[in-house]
Colleague: 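Okay, here's the structure, questions in a sec.
Below, chains carry the letters A, B, ... as their sequence lines are ordered, and counting in each starts from 1.
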There are 2 protein chains.
Amino acid sequence: MDDPLIRFPGYALRRAANATAAELAARLAPLELRQSDASLLMLIAVNPGVTASAVGRSLDIQRANMVPLLKRLEDAGLIEREAIDGKSQGLSLTPEGLRRLDAARREIEAFEAELLERVPEEHRRHLLPALNAIWR
Amino acid sequence: MDDPLIRFPGYALRRAANATAAELAARLAPLELRQSDASLLMLIAVNPGVTASAVGRSLDIQRANMVPLLKRLEDAGLIEREAIDGKSQGLSLTPEGLRRLDAARREIEAFEAELLERVPEEHRRHLLPALNAIWR
DNA sequence: TCACCTTTGTTATCGGCAATAGCAATTCGA
DNA sequence: TCGAATTGCTATTGCCGATAACAAAGGTGA
């Protein structure tokens, strides 16, 4: 059937994001991690002691939505929280969190490589800068 | 803070899609349309009499999820359903649906133009083909 | 120092989108 | 014609994100 939508970059963006989200989710599912979990672990790993709200700001996750996320990661024994002052809490990975992140990183690298392979060579180097220009 | 994620096309894809989805939603909200509504109307407009499941296949919306979507559009007086045979139903726009679609189309065109303007000229023409290669 | 504004973490709730499982009715095809 | 596939549907679930409101703590300027 005739599809007038395929000429819209915005539509293509939505479809591409949906498709890849499903694939990444499938890759991370065996590790019992969701995409947001993985990004959180990555960010905490390179910024140990970072505050919850700072991570949220960087990932554009609102404070309110960070709560269940962090709780799950903590319950799973992947992160630790330590009071910085009476108000803020510093986040860090547990050894198990680090192990899980290593596994996740392998999946993510494979996923990203596969994603890039799908786009024709002539367009490949333009993808990241174009996407970043849209939201950064 | 240090962000190791920005080098991942998959992450950029997710962020870009989220950002633009919010913008488009804001543009369509005054028309009381959601993104999925608008794409549905567009598809029905150029394929009058098309079947519900065919639209769903084209947009990758499962049959089960089409039901509330179509019901809302019908309740709003934007589409009509007509039995084709005992099993399928043909979809078409009402006059009001056509008017609403015209308004939506203006918003969408403006949104898409604005989106494209954001990406630097050298990358611009690569965006659509690159995205389509990812999901098509 | 004190009053005020901001930040942080939290609860509770909602909306949009997509997925799964299962069902009844109908149509299609070998 | 009979089994398989298709269609529309109900019900439920999960993920992600948004909003509103709150208490407690920190930061700041007069």
Colleague: In whole Å, I'd like the distance from the CG atom of B:Leu40 to the P atom of C:dG16.
Modeller: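 After rounding, the reported distance stands at 15 Å.
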Colleague: Is it true that B:Glu23 and B:Arg27 make a salt bridge, defined as a side-chain N closer than 4.0 Å to a carboxylate O?
Modeller: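 The answer is no: the pair does not qualify as a salt bridge.
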Colleague: D:dT7 C1' sits how many Å from B:Leu69 CG, rounded?
Modeller: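 My rounded result for the distance is 17 Å.
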Colleague: Measure from the side chain of B:Gln35, starting at C-beta and using heavy atoms only, and say which of C:dG9, D:dG26, C:dC17 lies closest.
Modeller: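 Output: C:dC17.
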Colleague: Using whole Å, what does the distance between atom P of nucleotide C:dT20 and atom CZ of B:Arg63 come to?
Modeller: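 Going from CZ in B:Arg63 over to P in C:dT20 covers 12 Å.
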Colleague: Measure the distance from CD on B:Gln62 to P on D:dT6 and round it to the nearest whole Å.
Modeller: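 B:Gln62 atom CD is separated from D:dT6 atom P by 15 Å.
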Colleague: Is a donor-acceptor contact shorter than 3.5 angstrom present between the side chain of A:Asn18 and the base of C:dA18?
Modeller: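 Flag unset: no donor-acceptor pair detected.
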Colleague: Out of C:dT10, D:dT6, D:dC9, which has the shortest distance to the side chain of B:Gln89?
Modeller: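 Ranking C:dT10, D:dT6, D:dC9 by closest atom to the B:Gln89 side chain puts D:dC9 first.
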Colleague: For the side chain of A:Ser53, starting at C-beta, report the closest nucleotide among C:dT8, C:dT10, D:dC15.
Modeller: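 Nearest to the side-chain atoms of A:Ser53, counting from C-beta on, is C:dT8.
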Colleague: Could you tell me the separation between the OH atom of A:Tyr11 and the P atom of C:dC17, rounded to a whole number of Å?
Modeller: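 Rounded to the whole Å, the gap is 13 Å.
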Colleague: Taking the inter-plane angle between the rings of A:His126 and B:His126 on a 0 to 90° scale, is it parallel (under 30°), tilted (30 to 60°) or perpendicular (over 60°)?
Modeller: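 A:His126 vs B:His126 ring planes: parallel.
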Colleague: Please pick, from C:dA18, D:dG8, D:dA18, the nucleotide with the shortest atom-to-atom distance to any side-chain atom of B:Ala52.
Modeller: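 Out of C:dA18, D:dG8, D:dA18, the nucleotide with an atom closest to B:Ala52's side chain is D:dG8.
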Colleague: Could you check which of C:dT10, C:dT7, C:dA18 has an atom nearest any side-chain atom of A:Arg14?
Modeller: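 That would be C:dA18.
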Colleague: Would you mind telling me which of C:dC17, C:dA21, D:dC16 lies closest to the side-chain atoms of B:Ala64?
Modeller: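 Nearest to the side-chain atoms of B:Ala64, counting from C-beta on, is C:dA21.
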